[in-house]
K.L.:
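Sharing a structure, written as structure tokens. Questions coming.
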Amino acid sequence: MTIQEIQDEIVDEFSMFEDWMQRYEYMIDLGKSLPLIDENLKKDENLIKGCQSKVWVHGEMKDDKLVFTADSDAIITKGIIAILIRAFSNQNPAAIINANTDFIDEIGLKEHLSPTRANGLVSMIKQLKLYAIAYQTQLN
């Protein structure tokens, strides 16, 4: 699936819920289903700067696709990074670099986060795109 198709799928899933309590519960479930990051990758260099909670993200190339793993010490934040990883993992770096993130606004996520969590969300997206830029540079 393309990034846009995955994002559309996420928007459809969130539209099934009537209120934000249900959406938060769904995000928490998504976070719980996130594959565990290797404990060795939980180091300062993989911490996302600008997040109130601790969020570790690691990306590596596998068969010309960038694969992300992540974890967080906060359940909502873990759900947020799970959504982003679902949208951007297993894609080629150029697609990640060029992808828009309008789906975040479409599901209403940013407006339902505290300002510090919203800043953290922006930092998470930025970090995923930085990984993509670094790997795309290696491919060129």
Side-chain angles (χ1 to χ4, degrees):
M1 287 177 79
T2 67
I3 291 174
Q4 188 62 53
E5 289 168 341
I6 295 167
Q7 290 176 352
D8 291 344
E9 192 176 81
I10 292 168
V11 170
D12 287 345
E13 288 168 10
F14 271 81
S15 69
M16 292 188 294
F17 301 106
E18 295 184 19
D19 63 41
W20 264 92
M21 284 313 296
Q22 292 175 325
R23 290 180 180 157
Y24 281 130
E25 286 174 27
Y26 182 60
M27 282 174 37
I28 290 167
D29 287 343
L30 290 173
K32 288 177 182 172
S33 69
L34 194 62
L36 291 176
I37 191 170
D38 187 321
E39 286 297 317
N40 298 334
L41 297 174
K42 284 186 173 183
K43 49 190 173 187
D44 287 348
E45 66 195 54
N46 291 330
L47 267 175
I48 293 185
K49 313 289 182 267
C51 277
Q52 185 178 5
S53 311
K54 288 189 173 187
V55 182
W56 297 270
V57 174
H58 177 72
E60 61 183 311
M61 291 294 285
K62 291 183 181 172
D63 302 322
D64 294 330
K65 305 272 187 208
L66 189 45
V67 178
F68 293 105
T69 55
D71 196 7
S72 175
D73 62 354
I75 55 172
I76 295 285
T77 309
K78 193 169 180 173
I80 295 168
I81 195 65
I83 291 168
L84 295 175
I85 284 182
R86 181 170 157 200
F88 296 117
S89 196
N90 294 303
Q91 301 289 335
N92 70 52
I96 297 168
I97 294 165
N98 295 317
N100 72 51
T101 55
D102 294 345
F103 80 108
I104 300 289
D105 294 327
E106 287 179 48
I107 61 178
L109 185 55
K110 213 181 272 183
E111 68 193 61
H112 286 88
L113 295 176
S114 66
T116 51
R117 279 217 174 102
N119 288 342
L121 169 64
V122 171
S123 297
M124 289 180 222
I125 293 168
K126 185 175 161 188
Q127 187 61 45
L128 296 178
K129 290 206 175 228
L130 284 172
Y131 266 111
I133 290 167
Y135 281 108
Q136 184 61 44
T137 304
Q138 289 178 11
L139 292 174
N140 290 344

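Since this is a predicted model, take the numbers as computed values, not measurements. Position 1 is the first residue of the sequence; numbering continues from there. Just so you know, these numbers use all the heavy atoms, side chains as well, and skip hydrogens, waters and symmetry mates.
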K.L.:
Is the Phe68-Phe88 ring centre distance short of 6.0 angstrom?
P.N.:
no

K.L.:
Quick one: NZ on Lys129 to CG on Asn98, what's the gap to the nearest 0.5 Å?
P.N.:
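One finds 7.0 Å between NZ of Lys129 and CG of Asn98.
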
K.L.:
Can Ile3 be reached from Val67 by stepping across I, L, V, M, F, W or Y side chains whose heavy atoms are under 4.5 Å apart?
P.N.:
no

K.L.:
Stepwise, does the side chain to side chain contact (heavy atoms under 4.5 Å, CB included) test hold for Ile83 with Phe103?
P.N.:
CA-CA 10 Å; Ile83 291 168; Phe103 80 108; 3.7 Å; yes

K.L.:
Assess the residue pair Trp20 and Met27 against the criterion (side chain to side chain contact (heavy atoms under 4.5 Å, CB included)); give the C-alpha distance rounded to whole Å, side-chain angles, the decisive distance to 0.1 Å, and a yes or no.
P.N.:
CA-CA 10 Å; Trp20 264 92; Met27 282 174 37; 4.3 Å; yes

K.L.:
Indicate yes or no: at least one non-hydrogen side-chain atom of Met61 is less than 4.5 angstrom from one of Leu66.
P.N.:
yes

K.L.:
Between the main-chain N or O of Val57 and the side-chain N or O of Tyr131, is there a donor-acceptor pair closer than 3.5 Å?
P.N.:
yes

K.L.:
Below 4.5 Å, heavy atoms only, C-beta onward: do Ile10 and Glu106 meet side chain to side chain?
P.N.:
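A side-chain contact is absent here, since even the closest heavy-atom pair is not under 4.5 Å.
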
K.L.:
To check you understand the geometry: which heavy-atom pair defines the closest contact between Tyr135 and Pro93, and what is its length?
P.N.:
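That would be CB-CG, 4.0 Å.
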
K.L.:
Can you tell me how far apart CG (Leu121) and OG1 (Thr116) are? Round to the nearest 0.5 Å.
P.N.:
11.5 Å

K.L.:
Find out if a path of hydrophobic residues (ILVMFWY) with successive side-chain heavy-atom gaps under 4.5 Å connects Val122 to Ile81.
P.N.:
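Looking at the clustering, Ile81 is in a separate group from Val122.
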
K.L.:
Is a donor on one side and an acceptor on the other found under 3.5 Å between the side chain of Gln136 and the backbone of Ile96?
P.N.:
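No, Gln136 side chain to Ile96 backbone: no donor-acceptor pair under 3.5 Å.
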
K.L.:
Quick one, Asn90 and Lys62 - any side-chain contact, counting heavy atoms below 4.5 Å?
P.N.:
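Sidechains of Lys62 and Asn90: no contact.
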
K.L.:
Using only atom types and a distance under 3.5 Å, with no angle test, would you say the side chain of Glu111 pairs donor to acceptor with the backbone of Gly108?
P.N.:
no

K.L.:
So, does Ser123 use its side chain to make a donor-acceptor pair with the main chain of Lys49 at under 3.5 Å?
P.N.:
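Side chain of Ser123 to backbone of Lys49: a pair is present.
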
K.L.:
So how far is it from Arg117 CZ to Thr77 OG1, rounded to the nearest 0.5 Å?
P.N.:
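Reported value, rounded in 0.5 Å steps: 4.5 Å.
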
K.L.:
State, yes or no, whether a side-chain contact exists between Ile133 and Thr137 at a heavy-atom distance under 4.5 Å.
P.N.:
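Yes, close enough: below the 4.5 Å cut-off.
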
K.L.:
Can you tell me if Asn100 has over 12 outside heavy atoms packed within less than 6.0 Å of its CG?
P.N.:
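Yes, enclosed.
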
K.L.:
Which distance, rounded to the nearest 0.5 Å, do you find between the CG of Leu113 and the CG of Asn119?
P.N.:
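These two atoms lie 10.0 Å from each other.
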
K.L.:
Got a sec: does the NZ of Lys42 have more than 12 other heavy atoms crowding it under 6.0 Å?
P.N.:
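For Lys42, atom NZ is crowded (more than 12 foreign heavy atoms under 6.0 Å).
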
K.L.:
Mind checking whether Asp64 and Asn92 have side chains closer than 4.5 Å, heavy atoms only?
P.N.:
no

K.L.:
Report the distance from atom CG of Leu130 to atom CD1 of Ile97, rounding to the nearest 0.5 Å.
P.N.:
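Leu130 atom CG to Ile97 atom CD1 measures 9.5 Å (nearest 0.5 Å).
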
K.L.:
Could you tell me whether a side-chain N or O of Lys78 sits under 3.5 Å from a main-chain N or O of Ile28, the two making a donor and an acceptor?
P.N.:
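Side chain of Lys78 to backbone of Ile28, a donor-acceptor pair under 3.5 Å: no, none is there.
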
K.L.:
Is there a path of hydrophobic side-chain contacts, each under 4.5 Å between heavy atoms, that joins Leu109 and Leu128?
P.N.:
yes

K.L.:
Is the side chain of Asp71 donor-acceptor paired with the backbone N or O of Ile37 at a distance under 3.5 Å, no angle test?
P.N.:
no

K.L.:
Does a side-chain heavy-atom distance below 4.5 Å link Gln4 with Asp8?
P.N.:
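Side-chain contact under 4.5 Å: yes.
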
K.L.:
Ignoring hydrogens, what is the shortest heavy-atom contact between Gln91 and Met1? Give both atom names and the distance.
P.N.:
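In terms of heavy atoms, the two residues are closest at NE2-O, 3.0 Å.
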
K.L.:
Mind running side chain to side chain contact (heavy atoms under 4.5 Å, CB included) on Leu84 and Ile104 for me, showing each step along the way?
P.N.:
CA-CA 9 Å; Leu84 295 175; Ile104 300 289; 3.9 Å; yes

K.L.:
For the CG atom on Leu36, are there more than 12 heavy atoms of other groups (residues, nucleotides or ligands in this structure) within a distance under 6.0 Å?
P.N.:
no

K.L.:
Working to the nearest 0.5 angstrom, can you tell me the gap between Leu41 CG and Leu47 CG?
P.N.:
11.5 Å

K.L.:
If you define the side chain from C-beta out and look only at heavy atoms, does anything of Gln22 sit under 4.5 Å from Asp19?
P.N.:
yes

K.L.:
Can you tell if the side chain of Ile107 reaches within under 4.5 Å of the side chain of Arg23, non-hydrogen atoms only?
P.N.:
no

K.L.:
How close do Ala87 and Ile6 get, counting heavy atoms only, and between which atoms?
P.N.:
CA-CG2, 3.7 Å

K.L.:
Determine the interplanar angle of the Phe17 and Phe14 rings, folded into 0 to 90°, and report it as parallel if under 30°, tilted if 30 to 60°, perpendicular if over 60°.
P.N.:
perpendicular

K.L.:
When you look at CD of Glu18, are more than 12 heavy atoms from neighbouring residues, nucleotides or ligands closer to it than 6.0 Å?
P.N.:
no

